[in-house]
Structures are given as C-alpha cells and as structure tokens.
Chemist: 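First the structure, which I've put down as structure tokens, then a few questions once you've had a look.
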Amino acid sequence: MGDKAKKSIIDYILSYSEKQKKKPVKTKEKTSSKKAIEKTEIQITHNIWDLIGKIVVIAEKPKAANKIALALSRNPIRKSMYGIPYYLIKNRHSSIIVASAAGHLYGLHTDQYGYPVFKYEWKPLYQIDPKAKHTEKFIMVLSKLCSNADYYVNACDYDIEGSVIGYLIIYFHGDLEKSLRAKFSSLTIEELRESFRKLTSLDWEMIEAGLCRHELDWIWGINISRALMSSVKIASGKRVILSAGRVQTPTLRYVVEKDIERRLFIPLPQYSLSINIFKNNYEIHVEYKGKSVETKKNAKEIIDEIKRTGYLIVKKYEEKIYTLNPPPAFNLGDLQEEAARIYGFSPYKTQSIAEKLYLDALISYPRTNSQKLPPTLNYKAIMNKLSRINNYKELVSNLLVETKGVLKPVQGSKDDPAHPAIYPTGVKPKDLGKDEWKIYDLIVRRFLAAFASKARISHRIVYLEYPKDPSMVFQASGQKILDLGWLRYYPFSKPEERFLPKFQYGEKVKIVKASIRKTYTKPPEKINKIKILRWMENVGIGTEATRARIIEILFSRYYLRSVGGRVEATDLGLGIIEVLMEYFPEITSVSLTRHFEEEMEKIRLGVKRREEVVKDAKNTLIKLIVSFDKKKYQIGKTLSYRLGYITPINKCILCNREAYKNNLCKYHYRALNTVIKTYDEWKRREGVDWNKYLSSIKKLKSTGKWIVEVIQNFEKIKYSPSE
DNA sequence: GCAAGGTC
C-alpha cells in the first residue's frame, strides 16, 4: 500500500493547501529561496486551529496525551473509556480529541510453521502476546474515537518508532488520506504548541524506514531461531527454545569471546620493587613506576643495590588543588551503572524500578539517553517540593543557600532527541520499597548535585628516583578533600583521603624496607551485566528500553549464567556462537545493525524502496538457510550435546563436549596448545622445568579454567613435551 | 515459540 498511499496523500495535501491559501492563513514561510521552493510540497504546514471538524490526535503514551492536551487548551475536558483517559477540546470550528497509544499496539505475526518463513502481517499485540493484554483496551478506545474523523494527527514521539506506532493506528482505524504529523522533540508546552501550528503531511520516509526495520528484524530473527530449534528437534527429538537476533547475538558473541580469553589465560610472572621510605615519622610505601622486571635474578640484583645505597632522591614534588566538577543528571545507562556499582543491582532491576517510579509520577521519563536538564524546567518549584521530603529537607536548604537561589545545572554531553535527563518531579513518594528508595534517592541526589559547586581536593605527589639509575622511578601521593561541594549531595563518589608529608626537590629520603614482589600479568577483565550493557551502548545496538531486557533473554535461554556476580557463557552459549559464526555469520556481528541503518537511510532518501530491501534480506537468508540445512543434522547434534540431551560418541576426556583432536574438544585442545606455547616464556623468566611450570600455573587464581583442567589431567591427555 | 521495539 506504501507508494500508492504516499502519492495520494501528497495530492490530497496539495489540494488541501490550495484551499487553505484562499483563507487569510498566517504563514511564516515567506522565504523565496530556491531551496524552499523545491521543498514546497514537504514544507507545507497546517495550523491545527485552522482545521475544521473532528480532529483525532494520537499520542504515544497516556502521559504525552495529557501534556499535549494541556498545551492545546488551558482546560481540556478529561474523559475516560474502559479506564483509559483521553481529552476533549472544543472550539468554534473543530473538536479535538487527544487519545493515546501505549507504545506499539501492533506487531508482526505469522500463522505459518517452520522455516523459511517470509509471510507475516501486522496484528494487534494482545492477540499475539498474552503479556500485552493491556493493549486491547487502548485499541478499543482508539478504534471508537477514530470513527468518522475529519483529520488524524500522528503526535507520537518524533522518531522512527513513533512514526510507525501512529501510522498503524491510523491505518487500522482512521484514514491515511486525512492524516498529518506533529513534530516535536520535547513535551514542553512551547514546543508542543509550535508543532501543532506546523503540522506536516505524514512522514512517509520515516514510516517506511520503520516498517522496514521491523520486517528485517523479524525475518532474520524468526528464521534463524526456528532453524536452530528445528535442528535440535531432528537430532535429539527435544523441543527447546533457542533464539538469535540482530542485537542479542552480537551481544552473546561479545561475552563468549571475552570468556574464552579468560578461560585460556595463563599469567606470566613479573617482578616489582617494593620500597618503604621514612619521612617525618611516617613510613610510606612508594609505588614502583618503572618497567616491570621480568626475571627474578634481575630483580634481586636491583633491589640489593638499592638496599646498599639506602636512599632515594626526590626528583619532583607537586602540590595541586584540583576541582571535581559535579556529574550531570542521569541518563538511563548512567543510573544503571551507578546502581550496579553502589548497590549491585542488575540493569534490568534498576530499569524496572525506574519505570515504576515514573508511573508513580515521582521521576521524569527514565528511558532517556540525555544528560541534559531542560532550561524550561521550573527548578525552584521542584526544590521546594523536594524540601518537603524529610530526607532532603536539609540538603535542599543547603543547596539554596550555597547557590544563592541561582539554579543552573551542569549539562552532560550526551543527548536524546525526545527526552531530557532523569529528574525528580518533587511529588512526595509513598510506600516505596527499600530498593525503590535506593533508586529514587540516587536520582534525587544526582539531580541536587548537578546544581552544586565543584569539589576541591588538595593533592600531593612525589616522584623519587634511584640515584644510580634514574629510569627507576617511584611515586607516592596523598589527597585531602578541602571542600566537598557536590559530594555533599552525592556522596557515592567520594575520593579516599590519604596523607602524604611535604617533600623538597633534591631531598634524600631514607629507605626503611626494600624487597622484590612477585606479581603476575593481569587476566582479561571479568564481565558483568553492566559491562555488557555499556558495550551495547558503545557499539550502538539496542535502545534504552531494550538493552537490559535483551541481556536477560540471553540468561533465560541459558546461553549465559551468573556465577558470583560475574557472567559466564554456558556450553550452549558457546555452541550457539560456533554454529551461527559458521552458518549465519552476519547475525553475530554488529555490522548487521550498521547495514540496516544504511538501508533505512536509503529509504528515507527515497533511493531504495522497503520492498527491495526486504527482498534482498530474504535472498541472503534463503542462501544461508540452504547451506545450514545441508548440515542441519550435525548442527542439531552439536547443540544437543551442549544442551546435555545426548552424549557424543567421541567425547572430550575433560568435558561433555564433542572431541575435536587428541580426544579433546576444541576449547580444551586450544588450552593444551596454549599451555605448551607459554612454557618457553615461563622458562625464560623463571628458569623452571616443565613440571614446576605446570604446578605453578595450576595454583594461580587467574589461570583460566580450561588451562587448569588440562593441567589437572595431563596424564590422561598423553602428551609429553618434545625435549 | 522464535526478533526488536515501544510502554501499561
């Protein structure tokens, strides 16, 4: 229906605007530049107050409907149907109904079983998903309110999804030929009013791009998921829910690769010089800042010489007062990170709590990426309300004194087209649970801190060198908080205070302790949920609303599990990535998202059509599925081994995975090779023999799990070093 | 039942 409707709507708008021109319509577009003329058919706008008859305005969510109604009228009539609110605004020539969706009310669905499947249609969400039952009432209300209107205004958020949400409602219940679009990027009264004075024709490019994104995600996700499940079914007769998708699969791959690195890690020994100096009756540990020493012999020689010398010389001493700027108000990612750091909450838990606080009207919209507070917000009113909450009474009055009532928040660099940073509304919380309080408190304190002064910290640092070898540098530092500033309001980032006496340049400082300390190279970092979320943000996959949820999906599929606060991949997770990397490599990479974005951009520019893009994806998938199906039984076997449904005939002697070489699975085989390869380096550094090497790394905590398993069972593996 | 995307 796309292009046909597109054409007719333009015709309609054009003819409509002819009629409008006859009226004395105020128009700001008086420029006669060539550009403006070329763009005329897109730029024609309509003032809602010039429209005659019944106008249905569709907002994305009830809160937005409320704000829109209040922007359009000082006293809109609030009505309700099936418990869903909507608003009526009557004028001499028109009556405006502001109604609301609740996010997507329609979703893609197919009746067909099996794969490949490329036949799907938009259906009401409540018919597809039992968890979306609430959407039924919204659809009932919209369908009633939409009947026989003269105009429909899509006033959903001005982004791709908002364009799709409004479009589908008008498509099913209204008339696309009588439709207009309101474009606003915040829900402030001024901006809303302006957008309704400048309604445009429906944004077809956005709609088409959005519909396309839904279809692409659906055909890639559903087909590959079904292929995986079907392979297990034919190989072991078991039904299990497996899935793959543009966002979840690259995320899983990221964790799997990090995990493999950790499990194959062998630490290398290195030596550091540990020295304590004595100054003003204080014994101070100085940190060695030179190159780490790789062999014990070398380290011993150096430290003996240093001991003989008995002192270090101050090369540089600095006293500085530095300031810590207050952090900006939260976006969702920052809130999730802080709640994880301070309280150990999972991103999903934090988000769910924030959503509840939002629905209770305690905080602003939480699904935002913005770190900026809008200048239009009445900060004083919020402060006054917050001061009525016991916990914040004193803090707020402090803040008002400190700022002398000039409330100017710091602004972060991250922005969001549709929403500001998260802030408390000032509504008094009632009956909050313990964890809910923790999140609310973080938000309030972070908001207050944004207005406060910088923290001032005095910092001392001394660099000492060994006189006989100036490349050997040691350092110590101390710091003291001079002025808490914003840390009074947000005490969760307080730097630790540490004393350091004053030093003089060139001063000789006595050494009271000197020894060598054996350390080891560090293993790859542990992964936790917040790191996964930050990674998704950085590579640009998922959205504020979906990232935490998608991480949880990986857990519910049992691709990932939590072990003492950190995340590890299961055998199934490893297997899924192995299979997908081989047969559907596209979906394991974030570049699929980049590809979608490029295609959507082409649609928006009008150089490619949605149908073409979808057809390309379909052709790509069909080819991939053909090669998958050729190996389907074997793939199903592999996944079934990893699920523990069946046992491989040739099993790895160290685990339940299928053997690859030397009676080891591919991971233990890699571990074996790593053990062998790393021996030379250990021998060079430590002068150890093979057995000593094995027993040494076996004992170390950071040695990877697969490495340890290989060492523990070395006799079974029947490998002896060829020397 | 399977995606990702909105929001109650």
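Everything numeric here is computed off the predicted structure, so don't read it as measured data.
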Chemist: List in chain and number order the residues that pass salt bridge (charged side-chain N to carboxylate O under 4.0 Å, His left out) with A:Lys356, two or more places apart in sequence or in another chain; answer none if no residue qualifies.
Modeler: A:Asp360, A:Glu436
Chemist: Counting the atoms with a prime plus P, OP1 and OP2 as sugar-phosphate, which does A:Gly542 contact under 4.0 Å by heavy atoms, base, sugar-phosphate, or nothing?
Modeler: sugar-phosphate
Chemist: Flag this pair as yes if the NZ/CZ of A:Lys63 is under 6.0 angstrom from the six-membered ring centre of A:Tyr358 and inside a 45 degree cone about the axis; otherwise no.
Modeler: yes
Chemist: Give A:Thr546 one of three labels, base, sugar-phosphate or nothing, depending on what nucleic acid heavy atoms sit under 4.0 Å from its own.
Modeler: base
Chemist: Is there a donor-acceptor contact under 3.5 Å linking the side chains of A:Ser230 and A:Lys632?
Modeler: yes
Chemist: Checking A:Thr200 against A:Arg181: is there a side-chain donor and acceptor pair closer than 3.5 Å?
Modeler: no
Chemist: Answer with base, sugar-phosphate or nothing: what part of the nucleic acid does A:Arg557 contact at a heavy-atom distance below 4.0 Å?
Modeler: sugar-phosphate
Chemist: Give A:Ile224 one of three labels, base, sugar-phosphate or nothing, depending on what nucleic acid heavy atoms sit under 4.0 Å from its own.
Modeler: nothing
Chemist: Distance only, no hydrogens: is a donor on one side chain within 3.5 Å (strictly under) of an acceptor on the other, for A:Lys144 and A:Tyr82?
Modeler: yes
Chemist: Using only heavy-atom distances, determine whether the side chains of A:Gln248 and A:Ser243 contain a donor-acceptor pair under 3.5 Å.
Modeler: yes
Chemist: Just checking A:Tyr120: base, sugar-phosphate only, or nothing, at a heavy-atom cut-off of under 4.0 Å?
Modeler: nothing
Chemist: Chain A on DNA chain B: first and last contacting nucleotide, 5' to 3', under 4.0 Å to a heavy atom?
Modeler: B:dG1 to B:dC8
Chemist: Set out, in order, the CA-CA distance, both residues' side-chain angles and the distance that settles side chain to side chain contact (heavy atoms under 4.5 Å, CB included) for A:Tyr583 and A:Ile224, then state yes or no.
Modeler: CA-CA 10 Å; A:Tyr583 296 95; A:Ile224 299 177; over 6 Å; no
Chemist: Check each residue of residues 242-255 of chain A for a non-hydrogen atom within less than 4.0 Å of any atom in DNA chain B, then write out the ones that pass by number, or none.
Modeler: A:Leu242, A:Ser243, A:Ala244, A:Gly245, A:Arg246, A:Val247, A:Gln248
Chemist: Could you verify whether a donor N or O on one side chain and an acceptor N or O on the other, from A:Asp175 and A:Tyr152, lie under 3.5 Å apart?
Modeler: no
Chemist: How would you label the contact of A:Phe596 with the nucleic acid (heavy atoms, under 4.0 Å): base, sugar-phosphate, or nothing?
Modeler: nothing
Chemist: May I ask you to say what A:Ile160 touches in the nucleic acid, namely base, sugar-phosphate or nothing, with a heavy-atom cut-off under 4.0 Å?
Modeler: nothing
Chemist: If you count the non-hydrogen atoms of other residues, nucleotides and ligands that lie under 6.0 Å from NZ in A:Lys631, is the total more than 12?
Modeler: no
Chemist: Please classify the nucleic acid contact of A:Ile222 as base, sugar-phosphate, or nothing, using heavy-atom distances under 4.0 Å.
Modeler: base
